[in-house]
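Report on one structure; see the data block that follows.
Note that the structure is a prediction, hence the values are computed from the model and not measured.
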Amino acid sequence: MEAENHTEVSQFLLLGLSDDPKLQPILCGVFLSMYLFTVLGNLLIIVAISSDAHLHSPMYFFLANLSFVDICFTSTTVPKMLVNVQAQSKSITYIGCLIQVYFLMIFAGMDTLLLTVMAYDRYVAICHPLYYMVIMNPRFCGFLVLMSWIIIFWVSLLHILLMRWLTFCVGTEIPHFFCELAQILKVACSDTLINNIVLYVSAALLGVLPLTGILFSYSRIVSALMRMSSTGGKYKAFSTCGSHLSVVSLFYGTSLGVYLSSALTHSSLHNPVASVMYTVVTPMLNPFIYSLRNKDVKGALRRLLKLAASCL
């Protein structure tokens, strides 16, 4: 196939998870169910935090933002996949692919930055409790979230601008169920050296550095807890970190699994299946992790459900 200029490429082909016609209805039902659970669960978290005055604190402010990002993250990939399965089509337009890559990078990056900010919030709460409300004031919390959006907006835009210079073959097939930047660079017909360098640098800045910040925060938290004499105080302080640690482990564990499976295997199936974990499963599980492990959130959800039931 001859390489054509990217402006002449009207669409790509997403190969999806399976070519078996018998599996398509099952995949559609499973992904639709997971998507609805994700949206409903995260919306409940947002509404509960917004409506309950007991949850108007920095920790829950960041949690509400994380829930919003998780809804957007899943909505970037799953609806298009469901449409393609229902229409028995594998196509996605070139512009549609660029848009999907752009928003995927924004919301995946926001996940990492918000998890880092939440780790810093727990560090201040446990290591500097007397100054917590002074340091984590509403203006500073809003500034942290705003700066996260600004940083990831420009990093994602840089990747899209570099992608616009790439050329692709007509009928390019992407072995995935969504447009992932790393997979697109593999199927490009032109040199992708600069794109890959920027990708690795941004992955280090938005992946490794935030994880380092999270680990540093928890090392200080553990150090502070070790100095506490009360066992009950230790448990109470660290219990507020349990949900966050679970989400961090799930997000980074599944993300690392995706890239390890991509690097160690040549199968076109392993990477999409592994990607389902961090693009669909993790956002779906986050509300359950926070609601099941957090008494305040469970209480707010119970009050919200009672209020909704009384209105019916």
Side-chain angles (χ1 to χ4, degrees), residues 3 6 9 12 14-15 69 72-73 76-77 94 97-117 119-120 147-169 172-217 247-280 282-283:
H6 63 79
V9 176
F12 296 124
L14 296 173
L15 299 186
V69 169
C72 297
F73 190 25
T76 307
T77 58
Y94 174 75
C97 193
L98 288 181
I99 292 173
Q100 195 174 67
V101 169
Y102 179 65
F103 284 107
L104 270 172
M105 295 198 66
I106 285 181
F107 298 129
M110 278 302 298
D111 259 340
T112 63
L113 295 178
L114 283 173
L115 290 174
T116 307
V117 169
Y120 175 72
M147 286 304 299
S148 297
W149 281 109
I150 292 173
I151 291 170
I152 199 61
F153 170 84
W154 287 107
V155 171
S156 302
L157 184 61
L158 174 61
H159 283 290
I160 295 302
L161 293 176
L162 289 175
M163 275 186 64
R164 293 286 292 172
W165 290 96
L166 297 178
T167 57
F168 297 92
C169 299
T172 295
E173 296 181 343
I174 300 174
H176 221 305
F177 66 94
F178 63 88
C179 289
E180 186 182 53
L181 180 59
Q183 294 296 323
I184 292 175
L185 296 183
K186 289 181 180 180
V187 298
C189 295
S190 56
D191 183 53
T192 59
L193 177 62
I194 296 177
N195 301 75
N196 281 310
I197 291 174
V198 174
L199 177 61
Y200 294 141
V201 171
S202 62
L205 293 176
L206 298 175
V208 178
L209 282 183
L211 181 59
T212 303
I214 292 172
L215 294 176
F216 175 77
S217 295
V247 172
V248 169
S249 302
L250 189 61
F251 180 81
Y252 276 98
T254 54
S255 300
L256 184 62
V258 169
Y259 291 104
L260 285 178
S261 67
S262 177
L264 299 177
T265 66
H266 300 285
S267 172
S268 60
L269 179 61
H270 283 85
N271 195 46
V273 172
S275 297
V276 171
M277 291 300 297
Y278 83 93
T279 58
V280 183
T282 300

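- Distance check, rounded to the nearest 0.5 Å: OG1 of Thr282 to CZ of Phe73 gives 8.5 Å.
- Considering every non-hydrogen atom in both Ser217 and Ala119, the closest pair reads CB-O, 3.8 Å.
- The two residues Met163 and Asn195 have their closest heavy-atom pair at N-ND2, 3.7 Å.
- Distance CG/Leu157 to CD1/Ile152: 11.5 Å, rounded to 0.5 Å.
- Thr76 approaches Gln100 most closely through the heavy-atom pair O-NE2, 3.0 Å.
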Side-chain donor-acceptor distances from residues 102-117 under 3.5 Å, at least two apart:
| unit_1 | atom_1 | unit_2 | atom_2 | d |
| --- | --- | --- | --- | --- |
| Thr112 | OG1 | Gly109 | O | 2.6 |
| Thr112 | OG1 | Leu206 | O | 3.0 |
| Thr116 | OG1 | Thr112 | O | 2.8 |

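- Note that CZ of Phe12 and CZ of Phe168 are 4.5 Å apart. Values are rounded to the nearest 0.5 Å.
- Between the CD atom of Gln183 and the CD1 atom of Ile174 there is a distance of 8.5 Å, given to the nearest 0.5 Å.
- Put simply, the side chain of Ser156 never gets that close to the backbone of Phe153: no donor and acceptor are under 3.5 Å apart.
- One finds the SG atom of Cys97 at 8.5 Å from the CD1 atom of Ile160 (value rounded to the nearest 0.5 Å).
- Here the straight-line distance linking atom CG of Leu98 with atom CD1 of Ile184 works out to 7.0 Å at 0.5 Å rounding.
- Within a 6.0 Å radius of CD1 in Ile194, no more than 12 heavy atoms belonging to other residues, nucleotides or ligands are found.
- The shortest side-chain heavy-atom distance between His159 and Val198 falls under the 4.5 Å cut-off.
- Between Gly207 and Tyr252, the closest heavy-atom pair is O-OH, 3.5 Å.
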